[in-house]
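Here's the structure we're looking at; comments come further down.
The structure displayed is predicted, hence computed values, not measured ones. Side-chain atoms are counted along with the backbone in the values below, which use heavy atoms only and exclude waters and symmetry mates.
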Amino acid sequence: MDSSTDVSDYLGMLRRHWWVVLLLTLAGLGGAVLVTHVQPKVYESATSVLVQPAGQDTNVVGGRTKGDINLDTEAQLVRSTAVAVGAAELLRSPTPPDDLARQAAVEVPANTAVLVVTFTAGDPESARAGSHAFAEAYLRNREESAKADLNAQISALNAKVRQLSQTLTQVNGRLAALTDGSPLRPNLESQRATAQNQLNSLSGKLNDLTTATVTGGKIISDARLPETPVKPDPMLNLATGTMVGLLLGSGVALLRERLDRRVRVAADVFRRTRVPVLAELARGEEARLDGVLPAHGEGGGTFNRLRNEVVASLGPDDKVVVVAGASRGVASTLVAANLAAALARTGSDVILVGAHLPDSVADTAPLATIFGVAATPGLSDVLAGRVGLAAAVQHAPRIPSLRVITTGGTASAAGLMQSQGLRDALDLLSARPGYVVIEAPATSSSADAQSLASLADAAIIAVELRRTRRPDVSDAAEQLRRVGTPLLGAVVVPRLSPAPVTSGPRPPKPTRALPAAPAPERPVAAPGEPTDLSSAGLAEVDLNTSTAVIRLPPGPGPRR
């Protein structure tokens, strides 16, 4: 895609390669179904634990919650090795504690003192039991830790009480040994009072610690038996598979579009080759190769507009227009035939010259079939010296102002399209009033189109969608420009199928003057050699009337 690609181009790309996108999307969907089927089921259960201060809890600062306990730290403690060991004992599981800890997860709801302990397992019962075991092991571990801290504090206070009691006993003993007027008595009484106060304070603290109730928290929502697995998630897998398939299909479609160099839409002609589009035959229009498109139909109107543009582009003395195909096929036949008919409908005298030798039997769509005239003699017969030019000119039965020169026999036509005889014949045809439209072969398969264009006053390229390649259009335009022929533009037609070859009687040939006076026998020119127009009876031709009159130069010998 180039920089001028817009959304419509991408939509057109998807429309052309829809089956690729659909196939890969279905493949992605099928892969998701397969993964969902083979993926092991995972169940999850959760237990909510309310964390409470336990004794002289020191984990009270720095948390992201507003309580007295740092729950972020507590969440890490739930998955600690000590708690995992306790959970393994409760579960009586042979699984190593570290592996069990990997199956557990902890969440801290914002602004709460709650821990949500989640446990995943391959079956619902194991998930519920694991969640409850980790919550219970955490609470037990927290309670044991709190009791151990409390006992340590009580032991420390008891030691201080014993020390103060000994000090107080010593002071009381010394006071008892002193007389009432001893100068040491005030100091010892002060020491006794201080020790007594400290002992009373420690006794109060010790009493509080020994009577304190230790609880690390409680389970406020116990684990439940899960009904459905959390993995695999069928909806998520199907959505992911579909999206992956869709993206892969779009990528393949884009790659195919880049590798496909055929002209897909009319806009490709100008955008990719810079050749202006004069007309486009609608894709829904029936492109018939066995007749001219109706003048009042959509296709006929398209060629009427094309006729107006061609006439406006030609100079006062320009008469000859060549229509060449950019690729092999019958596009030039369709465009040349309908353009000539459109010109003739204005009352102008028009001669349509068939110079497109068929590439194969399948591509044969002779002008004789389209206009209902005889297939022979034609242009190749004239150039081979078999007949005169006037004998090859036929009136189109349904279009009075149009005359047709068919391609004729092709057995010995090789090289004749580049002969001097063709130049002389076109000079004779262009010497009369009216227009000459030449149906030329494809520029990609023959040099005849370039030779014919060098004899014309203007050229048109016929582009067939989904058959013509973009490089062929560029090459055709370059060939025509090199011979100096003005290129008016391109006419885009939908992909065509050759008209079936029908058998049956041909329409009768038009009557001509001097039927009993054929030209004297002359040697037939070899293919590729210039033809002597005088000897072929083309020296003087009157094509302005309905009867072609041939004036032959005098020659010896009887006429047969």
Side-chain angles (χ1 to χ4, degrees), residues 31-52 54 57-59 62-65 67 69-149 215-241 244:
V33 172
L34 180 61
V35 169
T36 302
H37 181 71
V38 302
Q39 190 176 4
K41 294 182 179 180
V42 177
Y43 293 86
E44 184 178 271
S45 184
T47 302
S48 298
V49 176
L50 176 63
V51 182
Q52 297 174 335
D57 204 329
T58 58
N59 183 22
R64 59 186 173 89
T65 59
I69 303 174
N70 188 338
L71 293 183
D72 290 333
T73 302
E74 296 298 323
Q76 298 299 318
L77 293 176
V78 174
R79 301 179 70 247
S80 65
T81 302
V83 175
V85 170
E89 293 177 354
L90 291 174
L91 292 172
R92 298 179 181 178
S93 173
T95 305
D98 291 339
D99 294 339
L100 285 177
R102 295 189 186 97
Q103 296 177 249
V106 185
E107 296 180 1
V108 182
N111 299 323
T112 67
V114 176
L115 297 179
V116 179
V117 182
T118 305
F119 191 83
T120 57
D123 59 274
E125 186 61 39
S126 298
R128 180 176 66 174
S131 176
H132 178 82
F134 266 87
E136 186 68 28
Y138 163 72
L139 290 177
R140 290 184 181 183
N141 179 268
R142 178 174 172 77
E143 185 174 347
E144 291 173 359
S145 298
K147 287 182 177 180
D149 292 341
T215 173
K218 61 181 179 179
I219 296 176
I220 59 175
S221 177
D222 205 352
R224 298 181 180 180
L225 190 69
E227 298 179 356
T228 58
V230 294
K231 293 181 181 179
D233 187 345
M235 296 303 298
L236 178 61
N237 289 350
L238 293 179
T240 302
V244 170

If you look at every heavy atom in L50 and A113, which pair is closest and at what distance? CD1-O, 3.5 Å
Side-chain contact, heavy-atom cut-off 4.5 Å: I220 with K218? yes
Which pairs with one or both residues in residues 127-138 pass salt bridge (Lys or Arg N to Asp or Glu O under 4.0 Å), sequence neighbours excluded? E125-R128, E136-R140
Distance check, rounded to the nearest 0.5 Å: E107 atom CD versus L71 atom CG? 13.5 Å
Compare all side-chain heavy atoms of L115 with those of Y138 and state whether any distance is below 4.5 angstrom. yes
Nearest-0.5 Å distance, NZ of residue K147 to OG1 of residue T215: 9.5 Å
Any heavy-atom pair between the side chains of P232 and N237 that's under 4.5 Å? yes
I'd like a table of donor-acceptor pairs (distance under 3.5 Å, sequence neighbours excluded) in which one partner is a side-chain atom from residues 79-90, with atom names and distances.
unit_1	atom_1	unit_2	atom_2	d
R79	NE	A101	O	3.4
R79	NE	A104	O	2.9
R79	NH2	A101	O	3.1
S80	OG	L77	O	2.6

So the salt bridge (Lys or Arg N to Asp or Glu O under 4.0 Å) pairs with at least one residue in residues 225-241 (sequence neighbours excluded) are none
Please find the pair of heavy atoms, one from L91 and one from G130, that lie closest to each other, and give the distance. CD2-N, 3.9 Å
Which heavy-atom pair separates S45 from A223 by the least distance, and what is that distance? OG-CB, 3.2 Å
If you compare all heavy atoms of A75 against all heavy atoms of V108, which two are closest, and at what distance to 0.1 Å? CB-CG2, 4.0 Å
With side chains defined as the heavy atoms from C-beta onward, is the minimum distance between D99 and R102 less than 4.5 Å? yes
Distance in Å, Q39 CD paired with L34 CG, rounded so as to fall on 0.5 Å steps: 11.0 Å
With a 4.5 Å cut-off on side-chain heavy atoms, are V33 and L238 touching? yes
Close side-chain approach of I219 and H132, heavy atoms under 4.5 Å: yes
For the backbone of Y43 and the side chain of T120, can you confirm whether one donor and one acceptor N or O come within less than 3.5 Å of each other? no
Please round to the nearest 0.5 Å and tell me the distance separating atom OG1 of T240 and atom CE of M235. 10.5 Å
So do the side chains of V49 and L139 get within less than 4.5 Å of each other, counting heavy atoms only? yes
Can you tell if the side chain of V51 reaches within under 4.5 Å of the side chain of R142, non-hydrogen atoms only? yes
Do any N or O atoms from the side chain of S131 and from the backbone of T47 form a donor-acceptor pair under 3.5 angstrom? yes
